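For reference, the structure is listed below as structure tokens.
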Amino acid sequence: MKRIIVHGGSGKWPEEKWEKAKEGVLEAARTGFKYLMETGDPVEACTRAVMSLEDNPIFNAGTGSVLTLDGRVEMDASIMRGTTLEAGAVAGVENIKNPILLARKVMEETDHVLLAGEGAMKFARSMGFEHYNPITEERKKKWLELKKKFESGRSTLPWHKMQELIKKHPELLSGTVGCVVLNDEEIVAGTSTGGVFFKLFGRVGDTPLIGAGTYANSFGGASATGIGEGIIRVVLSKTACDFMRVGVSALKVAEAVIDIVNSTVKLDAGIITIDRAGNIGFAHNTPTMPVAYIREDEEFVYISKEEKG
Ligand code: ASP
């Protein structure tokens, strides 16, 4: 039994970008599924799907990542194998093309789970990752616009409360990417992001935190998106996998954990899930979340509840 599901970030995608976002997630799911069929390796399939999303500048991961308060890109990523609970993650990495590949190197080449900042960069260079600037003109323009807006607002640091900032600018959140793959017995999950726009330098979200942004065990896998500050506090992805462990299906689980977010931290969130029986689920409390999934007999692509009717 083979399954793959990917997401392109919960948030508020402007309508003129819906088609491009849907094309992007479908292309990534197809890429991952192709590798899954050819190699039977869910780690490779998950990596390839996430790389496809990282390389697509419309998503907030890899190329096209959003900028920090001081105009740089600090990216986070993680990957986890459900059968062995091996995991790898990186936080706050700059100037590389594919953070998911670096997270995978941490999983496969080190005894650690999470490398951050300068140390992660040193590791990247010694693993042969070349210097690459992921900042796109569009993100730079947006950053300059925002900077001007905030500066002319006279207030010195009105954006220190991320929650308020995101409420005023929900469009800034869309774009983190993630993938869950099932290959017969094994489930793998991975997530990659540029984080949230205008974040403070050094801020680490949920994406590289195993259990929050990504989790997989032998019962299920999950990849989350939304405001990391909420996702971390409800340990969203691990909670989803715990529910799958007690037999709740992936679809119900996705809805249940978003309900938990809604009744506790009350912040934007979305999740994709697959359980070991092959059920696929996704849910979000934001207006949009591009999702594509593929199984042997079906290809499915989605962006908003509104569009579905
Ligand atoms: N969860 C990501 C973070 O907080 C952002 C997102 O999903 O858009 O870094």
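Read the numbers this way: they start at 1 and go in the same order the structure lists the ligands and their atoms. Just so it is clear, the model here is predicted, and its values are computed rather than measured.
- At a 3.5 angstrom cut-off on N or O pairs, Thr193 does not count as close to ligand 1.
- Sorted by first and then second residue, the salt bridge (Lys or Arg N to Asp or Glu O under 4.0 Å) pairs with a member in residues 117-132 form an empty list; sequence neighbours excluded.
- Checking only distances, Glu229 never comes within under 3.5 Å of ligand 1, N or O to N or O.
- Screening residues 277-299 for salt bridge (Lys or Arg N to Asp or Glu O under 4.0 Å) gives Arg3-Glu296, Arg30-Glu299, Arg295-Asp297, Arg295-Glu298 as the qualifying pairs, with residues at least two apart or on separate chains.
- The residues Glu27 and Lys20 are annotated as not salt-bridged, no charged nitrogen and carboxylate oxygen being separated by less than 4.0 angstrom.
- No salt bridge links Lys141 with Glu137; every basic N to acidic carboxylate O contact stays at or beyond 4.0 Å.
- Gly226 counts as a contact of ligand 1, since one of its heavy atoms falls under 4.0 Å from the ligand.
- Look at Arg203 and you'll find a heavy atom under 4.0 Å from some atom of ligand 1.
- In this structure, Phe123 has its ring center at least 6.0 angstrom away from the ring center of His112.
- In the vicinity of Thr176, heavy-atom distances shorter than 4.0 Å reach the ligand 1 atoms 2 (C), 5 (C), 6 (C), 7 (O), 8 (O).
- With respect to the salt-bridge test (charged N to carboxylate O, under 4.0 angstrom), the residues Arg203 and Glu229 qualify.
- Among the atoms of Gly195, none of the N or O lies under 3.5 angstrom from an N or O of ligand 1.
- Taking every heavy atom of Thr225 and a limit of under 4.0 angstrom, the matching atoms of ligand 1 come to 6 (C), 7 (O), 8 (O).
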